[in-house]
Participant: 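Could you have a look at this structure, given as structure tokens, before my questions?
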Amino acid sequence: MSTTLNVPLSAQGIATDATLFTNLGTASLVEHALGNGEGRLAAHGPLVVETGKHTGRSANDKFIVRDDTTEDTVWWGKVNKSMTADHFANLKADFMTALAAKDRLYVADLFGGSQAEHRVNVRVINELAWHNLFIRTLLVRPEVSELADFAPEYTIIDLPSFKADPQRHGCRSETVIAVNLTEKLILIGGTKYAGEMKKSVFGILNYLLPEKGVMPMHCSANVGADGKTAVFFGLSGTGKTTLSADASRTLIGDDEHGWSDETVFNFEGGCYAKMIRLSEEAEPEIYATTRKFGTVLENVVMDADTRELDFDDNSLAENSRGAYPIESIPNTSEHNLGPVPANVIMLTADAFGVLPPIARLTPEQAMYHFLSGYTAKVAGTEIGVTEPEATFSTCFGAPFMPRHPSVYGNLLKKRIAEGKVQCWLLNTGWTGGKYGEGHRMPIKATRALLNAALDGDLDTVTYRKDANFGFEVPVHVPALDAKGIDQTILDPRSTWSDGNAYDQTAEKLVQLFVDNFAEFEAHVDADVREAAPTAV
């Protein structure tokens, strides 16, 4: 049942004769999606949808309006591309015309951020019911009493059917994500990929929070039985969601958080996990969400007759996804909050097979690797990629960071130093050789080393200094013996059949790090520059 909007659309200058469905619950939105022919129910209850040609973010189609507000506050360049105010005005006018022509619209009033002092009120307007269900699942849902006086600060309008005009709108294609931080309005058109909405809210908070001294983070977070919080930085595919969804620890969230003086708080009220090749054995908590009503599955292949799901079939997308409320995971934080971190883990999937499975970092090394944001693509994931390819995404989330990376890097360094936080680099990538020659790091080894770090078992072991990267690597970890894992995995060179080949590959990777970091050298202290790797 729709609720009356405290602030009507007309008060925002939005005129439409459409039937408005406002702040519907999960069941109603699922019914609307099915009735509209937007998706189908799978055997055990989740809604299965397809996003068409856009199965991931359209990074090259995102723009920020360049005006007096943003001229000197946004890090302009290849990540944050500009749009003129005039082009945005044209786009907005055409969006309003498109809205006026709709016969039905779905509106959700939501919070971005779980800590009341630092959250923003976000109104999302959709033409698709499943998009409205998605964003309602992913953001923080207000209580009924909070909706009674809800006033939107930022508004997102998402119209997949809208086709942008590059000449009139100053964009690149028929797809557009346009962010106007002055008008507090985001317009998304020409794509059915729902993740654009959630990342837009992430971008808003990444812009606002640093001015308040709050560190915004592209990370997952959980809390151990000892009350100590761990945060996991990492790019897509490195294991943020998988490693944080541990039934023995309390989950705060899987993707986006803020680090304030008092707490780590989730920006969201849901999770957005990769589904491709999901198995009950490897990821039981996430697998269980695919058998629950209210979960939204994007581009997961389903048998038309039995409605059973095939997570190994990537014919619709390699980036198949599932959105579900955070409470679908056992043992979650009641209010999406936790204590300030005791451990920071930076995840990388090193397809070169050079990095050790775990390393201990100094605060300076942590800032270096945070600004580097390294992982690697593997052969076959993209057309033309035949060898491992390094990917550097500063702050482990460059596409969502409007300000200069040094703003976030210095905030992190300050937080780490003040809280005496222990930092780790965890490689979930390859061992025994690069991709195609070695093999993926065993998940049981990764979990054993991670748990040893979080439980304090690595505080007393012997370390060696890595010859290339200078960080400390454990020599022997009893937890590996307990799992029947060979200790040689701790020394990546020893796992290669050809040591010289390892050295050559390591030298190549070191140079990639050095070349990438050149643009940050003038913005960091000497001790951070000295944390750079050096080839043997």
Participant: Is there a side-chain contact between Asn319 and Tyr193, using heavy atoms and a 4.5 Å cut-off?
Facilitator: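 Asn319 vs Tyr193: side chains touch.
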Participant: At what distance, to the nearest 0.5 angstrom, does CG of Asp86 lie from CG of Asn90?
Facilitator: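 So the gap between those two atoms works out to 7.0 Å.
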Participant: About how many Å separate OG1 of Thr290 and NE2 of His44, when rounded to the nearest 0.5 Å?
Facilitator: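 The NE2 atom of His44 sits 8.0 Å away from the OG1 atom of Thr290.
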Participant: What verdict does the side chain to side chain contact (heavy atoms under 4.5 Å, CB included) test give for Asp255 and Thr241, after you've listed the backbone C-alpha separation in whole Å, the side-chain angles of each residue and the deciding distance to 0.1 Å?
Facilitator: CA-CA 7 Å; Asp255 198 31; Thr241 299; 5.8 Å; no
Participant: Would you compute the distance between atom CG of Asn336 and atom CG of Asn266 and round it to the nearest 0.5 angstrom?
Facilitator: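 CG of Asn266 is found 5.0 Å from CG of Asn336.
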Participant: Ser161 versus Lys102: any side-chain heavy-atom pair under 4.5 Å?
Facilitator: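 A side-chain contact exists here, since the closest heavy-atom pair is under 4.5 Å.
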Participant: Any donor-acceptor pair under 3.5 Å linking the side-chain atoms of Ser145 with those of Glu143?
Facilitator: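 No, no side-chain donor-acceptor pair sits under 3.5 Å.
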Participant: Can you check side chain to side chain contact (heavy atoms under 4.5 Å, CB included) on Val176 and His169, steps first, answer last?
Facilitator: CA-CA 9 Å; Val176 65; His169 302 138; 5.8 Å; no
Participant: For this output row, return yes or no: ring centroids of Phe134 and Tyr272 closer than 6.0 angstrom.
Facilitator: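 Centroid separation for Phe134 and Tyr272: below 6.0 Å.
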Participant: Decide, yes or no, whether a salt bridge links Glu183 with Lys92 under the criterion of side-chain N to carboxylate O below 4.0 Å.
Facilitator: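 The answer is yes: the pair qualifies as a salt bridge.
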Participant: Go through the side-chain N and O atoms of Ser244 and Asp254 and say whether any donor and acceptor fall under 3.5 Å apart.
Facilitator: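 No, because no side-chain N or O of Ser244 sits under 3.5 Å from a partner of the opposite role on Asp254.
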Participant: Is Thr73 reaching over with its side chain to a backbone N or O of Thr69, donor-acceptor style, under 3.5 angstrom?
Facilitator: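 Confirmed, Thr73 side chain pairs with Thr69 backbone.
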Participant: Of all heavy-atom pairs between Glu285 and Pro330, which one has the smallest distance, and what is that distance?
Facilitator: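 Heavy-atom minimum between the residues: CG-CD, 4.0 Å.
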Participant: Using modelled atom types and a 3.5 Å cut-off, is there a donor and acceptor pairing between side-chain atoms of Thr375 and backbone atoms of Ala349?
Facilitator: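 Answer holds: yes.
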Participant: Pick from Phe370, Trp424, Tyr374: which one makes a side chain to side chain contact (heavy atoms under 4.5 Å, CB included) with Met346?
Facilitator: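 Running side chain to side chain contact (heavy atoms under 4.5 Å, CB included) over Phe370, Trp424, Tyr374 with Met346 returns exactly one hit, Phe370.
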Participant: Compare all side-chain heavy atoms of Phe233 with those of Thr238 and state whether any distance is below 4.5 angstrom.
Facilitator: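 With C-beta onward as the side chain, the pair stays apart.
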Participant: Are Leu133 and Thr26 packed together at the side-chain level, in the sense that at least one heavy-atom pair is separated by less than 4.5 angstrom?
Facilitator: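 Yes, at least one pair of side-chain atoms sits under 4.5 Å.
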Participant: Would you say CG of Asp149 has more than 12 non-hydrogen atoms from neighbouring residues, nucleotides or ligands within 6.0 angstrom?
Facilitator: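 Buried by this count: over 12 neighbours within 6.0 Å.
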Participant: If you compare all heavy atoms of Thr229 against all heavy atoms of Pro339, which two are closest, and at what distance to 0.1 Å?
Facilitator: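 So the two residues come closest at OG1-O, 2.8 Å.
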Participant: Any carboxylate oxygen within less than 4.0 angstrom of a Lys/Arg side-chain nitrogen, looking at Arg415 and Asp261?
Facilitator: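 Asp261 and Arg415: salt-bridged.
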Participant: Does the side chain of Thr84 pick up a donor-acceptor pair with the side chain of His87 at under 3.5 Å?
Facilitator: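 Side-chain D/A pair, Thr84 to His87: present.
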Participant: What closest approach, in Å, do Asp61 and Ser173 show between heavy atoms, and which atom pair accounts for it?
Facilitator: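 Shortest heavy-atom separation between Asp61 and Ser173 comes out as OD1-OG, 3.0 Å.
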Participant: Quick check, are the ring centers of His218 and Phe202 under 6.0 angstrom apart?
Facilitator: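 That pair passes the under 6.0 Å test.
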Participant: Are any of the side-chain nitrogens in Arg119 or Glu146 under 4.0 Å away from the carboxylate oxygens of its partner?
Facilitator: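 Result for this pair is yes, salt bridge flagged.
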Participant: Return the CD1 to CD1 distance between Ile64 and Ile186, rounded to the nearest 0.5 Å.
Facilitator: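 Result: 9.5 Å between the selected atoms.
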Participant: Nearest heavy-atom pair of Ala98 and Phe162: which atoms, and what distance?
Facilitator: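 For Ala98 and Phe162, the tightest heavy-atom pair comes out as CB-CD1, 4.1 Å.
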Participant: Please check if atom NE2 in His335 has more than 12 non-hydrogen atoms from other residues, nucleotides or ligands closer than 6.0 Å.
Facilitator: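 Atom NE2 in His335 is not crowded, with 12 or fewer foreign heavy atoms closer than 6.0 Å.
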Participant: Give a yes or no on whether a salt bridge exists between Glu71 and Arg66, defined as a side-chain N under 4.0 angstrom from a carboxylate O.
Facilitator: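 Salt bridge present between Glu71 and Arg66.
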Participant: Let's go through Leu159 and Leu99 carefully: what are the C-alpha distance in whole Å and the side-chain angles of both, what is the deciding distance for side chain to side chain contact (heavy atoms under 4.5 Å, CB included) to 0.1 Å, and is it a yes or a no?
Facilitator: CA-CA 8 Å; Leu159 302 178; Leu99 274 181; 4.0 Å; yes
Participant: For the OG1 atom of Thr155 and the CD1 atom of Ile14, what is their distance to the nearest 0.5 Å?
Facilitator: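 It is 6.0 Å, given to the nearest 0.5 Å.
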Participant: Does any part of the side chain of Asn222, heavy atoms only, come nearer than 4.5 Å to the side chain of Thr250, both counted from C-beta?
Facilitator: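 Not in contact.
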Participant: Looking at Asn180 and Val65, would you say the former's side chain and the latter's main chain have a donor-acceptor pair under 3.5 Å?
Facilitator: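 Not at all, since once roles are kept as given, no pair shorter than 3.5 Å links the two residues.
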Participant: Would you say the side chain of Met401 lies within less than 4.5 Å of the side chain of Thr394, judging by non-hydrogen atoms?
Facilitator: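 They are not in side-chain contact.
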Participant: Do side-chain atoms of Ser320 reach the backbone of Ile276 as a donor and acceptor pair under 3.5 angstrom?
Facilitator: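 Side chain of Ser320 to backbone of Ile276: a pair is present.
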Participant: Can you tell me if CG on Asp17 sees more than 12 non-hydrogen neighbours from other groups inside 6.0 Å?
Facilitator: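 No, the 6.0 Å shell around CG holds no more than 12 heavy atoms from other groups.
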Participant: Quick one: does Glu298's side chain have a donor or acceptor within less than 3.5 Å of a partner on Arg321's backbone?
Facilitator: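 Such a contact is absent between Glu298 side chain and Arg321 backbone.
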Participant: Salt bridge or not for Lys274 and Glu283, using N-O below 4.0 Å?
Facilitator: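 Looking at Glu283 together with Lys274, the answer is no, because their closest N to O distance does not fall below 4.0 Å.
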Participant: Can you find a pair of side-chain heavy atoms, one from Val144 and one from Thr3, that are under 4.5 Å apart?
Facilitator: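 With C-beta onward as the side chain, the pair stays apart.
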Participant: List the steps, then state whether side chain to side chain contact (heavy atoms under 4.5 Å, CB included) holds for His131 with Tyr106.
Facilitator: CA-CA 9 Å; His131 270 198; Tyr106 298 88; over 6 Å; no
Participant: Distance-only, no hydrogens or angles: does the Thr175 side chain make a donor-acceptor pair with backbone N or O of Thr191 under 3.5 Å?
Facilitator: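 No.
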Participant: Output the distance between atom CD1 (Ile156) and atom CG (Asn126), rounded to the nearest 0.5 Å.
Facilitator: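 The CD1 atom of Ile156 sits 9.0 Å away from the CG atom of Asn126.
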Participant: Considering non-hydrogen atoms only, spot the tightest contact between Val528 and Tyr368 and give its length.
Facilitator: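 The pair with the smallest heavy-atom distance is O-CD1, 3.8 Å.
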Participant: Please check this pair: side chain of Thr97 against backbone of Ala93, looking for a donor-acceptor N/O pair closer than 3.5 Å.
Facilitator: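 Checking the backbone N and O of Ala93 against the side chain of Thr97, a donor-acceptor pair under 3.5 Å is found.
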Participant: Indicate yes or no for a side-chain donor-acceptor contact from Asn206 to the backbone of Phe400 under 3.5 Å, with no hydrogens or angles considered.
Facilitator: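 Yes.
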Participant: Donor-acceptor pair, Gln115 side chain versus Phe265 backbone, under 3.5 Å?
Facilitator: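 The answer is no, because no donor-acceptor pair under 3.5 Å joins these two groups.
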Participant: For the pair Glu256 and Lys199, find out whether any cationic side-chain nitrogen is under 4.0 Å from an anionic carboxylate oxygen.
Facilitator: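 Yes, Glu256 and Lys199 are salt-bridged.
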Participant: Quick one: closest heavy-atom pair of Ala33 and Leu47, and the distance?
Facilitator: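 The answer is CB-CD2, 3.9 Å.
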Participant: So Asn23 and Leu5, do their side chains get closer than 4.5 Å, heavy atoms only?
Facilitator: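 Counting from C-beta outward, Leu5 and Asn23 do come under 4.5 Å.
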Participant: Salt bridge check: are Glu327 and Arg141 linked by an N-O gap of less than 4.0 Å?
Facilitator: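 Yes.
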